[in-house]
Amino acid sequence: MYKIKEIPINERPRERLKEVGVENLSDKELISIILKTGTKEKNVSDLALDILNKYSLSDLKNISINNLIRIKGIGEVKAIELIAAIELGKRIFLKEKTNKKDLTSPEEIYKYTKYLFYDKKQEYFYALYFNNKQQLLKTKLLFIGTINQSITHPREVFKEAYLLSASSIICLHNHPSNDTTPSHADITFTKALIEIGKIQNIPILDHIIVGDDNYYSFYEHNSLNL
């Protein structure tokens, strides 16, 4: 078993990054750089390959520490570092997506936030907070529910709005079943949000239900006057 130091310098991942640019490195090389070192039995390149043989890049988006440390040679520290790097990449990606265009329509909001719901098997409820120029102030995850139900309270939605001095709110949650038809609970909850928004002068501009490849907008369906 060769060690990383036995690889010619110009073929080592870090050297290749400097030489050819990060965008030209393979997935294995990128993971090798994050892991930094291998073990006595396995060099870091083969350790990275073990990860990729067990998990696809899609799997890694939501990988847990416990799943990673099941791979021989991956301890808690390496697992934490890898997960932190993945999470940072996700946040940068999301930030770029939401900044590329003004979020002026339900379709735009769906396109640039559906990443939040990729491969989610439970319902996730988010609120998007906007200033008086309709600029996005913050995207806040408020609740993670069961397979077919999310439970949050309207006060949690407006609590963050007060802290941000937000002028309006758009709510989103996913239906893991991919059926974006609003449930009775969705309609009741949306109605409660709208009423509180009117009282607080922080209107709910839309509530979007997200599926794998489609969405339902209360605004587009003229359902905000429930």
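Everything numeric in this text was worked out from a predicted model, so none of it was measured.
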Does a donor on one side chain and an acceptor on the other come within less than 3.5 Å for Asp179 and Thr181? yes

Taking all non-hydrogen atoms of both residues into account, name the closest pair between Cys171 and Ile204 and its distance. SG-CD1, 4.4 Å

Do Tyr115 and Phe117 make the cut of ring centroids closer than 6.0 angstrom? no

Check whether any side-chain heavy atom of Asp50 lies under 4.5 Å from a side-chain heavy atom of Ile74, and answer yes or no. no

So, Thr37 versus Lys78: side-chain donor-acceptor pair below 3.5 Å or not? yes

Mind checking whether Ile80 and Ile71 sit in one hydrophobic cluster, side chains of I, L, V, M, F, W, Y counted as touching below 4.5 Å? yes

For the hydrophobic clusters of this structure (ILVMFWY residues joined by side-chain heavy atoms under 4.5 Å, transitively), does one cluster hold both Ile34 and Ile65? yes

Beyond-backbone contact of Leu116 with Thr139, side-chain heavy atoms, under 4.5 angstrom: yes

Could you give the distance from NE2 (His173) to OG1 (Thr180), rounded to the nearest 0.5 Å? 9.5 Å

To the nearest 0.5 Å, how far apart are CG in Leu164 and NZ in Lys140? 9.0 Å

Cluster question for you: counting only ILVMFWY and a side-chain heavy-atom cut-off of under 4.5 Å, with indirect links fine, are Leu49 and Val44 together? no

Which heavy atom of Asn43 sits nearest to which heavy atom of Ser45, and what is that distance? OD1-N, 2.9 Å

Distance-only, no hydrogens or angles: does the Glu108 side chain make a donor-acceptor pair with backbone N or O of Ser105 under 3.5 Å? no

Closest contact, heavy atoms only, Ile169 versus Ala161: CD1-CB, 3.8 Å

Parallel, tilted or perpendicular, judged at 30° and 60°: which one describes the rings of Phe218 and Tyr216? perpendicular

Check the surroundings of atom OH in Tyr219: do more than 12 heavy atoms from other residues, nucleotides or ligands lie under 6.0 Å from it? no

Are Asp186 and Ser183 packed together at the side-chain level, in the sense that at least one heavy-atom pair is separated by less than 4.5 angstrom? yes

Indicate if Leu57 and Leu35 have the same hydrophobic cluster label, given that clusters are the connected sets of ILVMFWY residues with side-chain heavy-atom separations under 4.5 angstrom. yes

Taking Asn178's backbone N and O only, do any of them form a donor-acceptor pair with Asp212's side chain (distance below 3.5 Å, no angle check)? no

Go through the structure and list residues passing salt bridge (charged side-chain N to carboxylate O under 4.0 Å, His left out) with Lys138, not counting sequence neighbours. Glu160

So does Glu195 pair up with Lys191, basic N to acidic O under 4.0 Å? no

To the nearest 0.5 Å, what is the distance between CZ on Arg155 and CD1 on Ile196? 10.0 Å

Do the two ring centres, one from Phe125 and one from Phe189, sit under 6.0 Å apart? yes

Flag if over 12 foreign heavy atoms under 6.0 Å of CG, Asp213: yes

Work out which heavy atom in Val157 is nearest to a heavy atom in Ala127; give both atom names and the distance. CG1-CB, 4.4 Å

At what distance, to the nearest 0.5 angstrom, does CG of Leu52 lie from CG of Leu47? 10.5 Å

Supply the atom-to-atom distance Lys28 NZ to Ile51 CD1, rounded to the nearest 0.5 angstrom. 12.5 Å

Pro176 versus Gln122: any side-chain heavy-atom pair under 4.5 Å? no

In plain terms, say whether Glu15 and Lys18 are close enough for a salt bridge, that is, a side-chain N and a carboxylate O under 4.0 Å apart. yes

Asn62-Lys120 side chain donor-acceptor pair, cut-off 3.5 Å: yes

Would Ile187 and Ile209 show up in the same hydrophobic cluster when neighbours are defined by side-chain heavy atoms closer than 4.5 Å? yes

For Ile202 and Tyr162 the tightest heavy-atom approach is CD1-CE2, 3.7 Å

Nearest heavy-atom approach of Ile33 to Pro13 is CG1-CB, 3.6 Å

Inspect the contact between Lys72 and Glu41 and indicate whether a charged nitrogen and a carboxylate oxygen are less than 4.0 angstrom apart. no

Partners meeting salt bridge (charged side-chain N to carboxylate O under 4.0 Å, His left out) with Asp206 (sequence neighbours left out): none

Euclidean distance, Leu25 CG relative to Glu19 CD, rounded to 0.5 Å: 11.5 Å

Do the non-hydrogen side-chain atoms of Tyr215 and Ile109 ever get within less than 4.5 Å of each other? no

Just so I know, are the side chains of Phe143 and Glu156 near enough to count as touching, which here means a heavy-atom distance under 4.5 Å? no

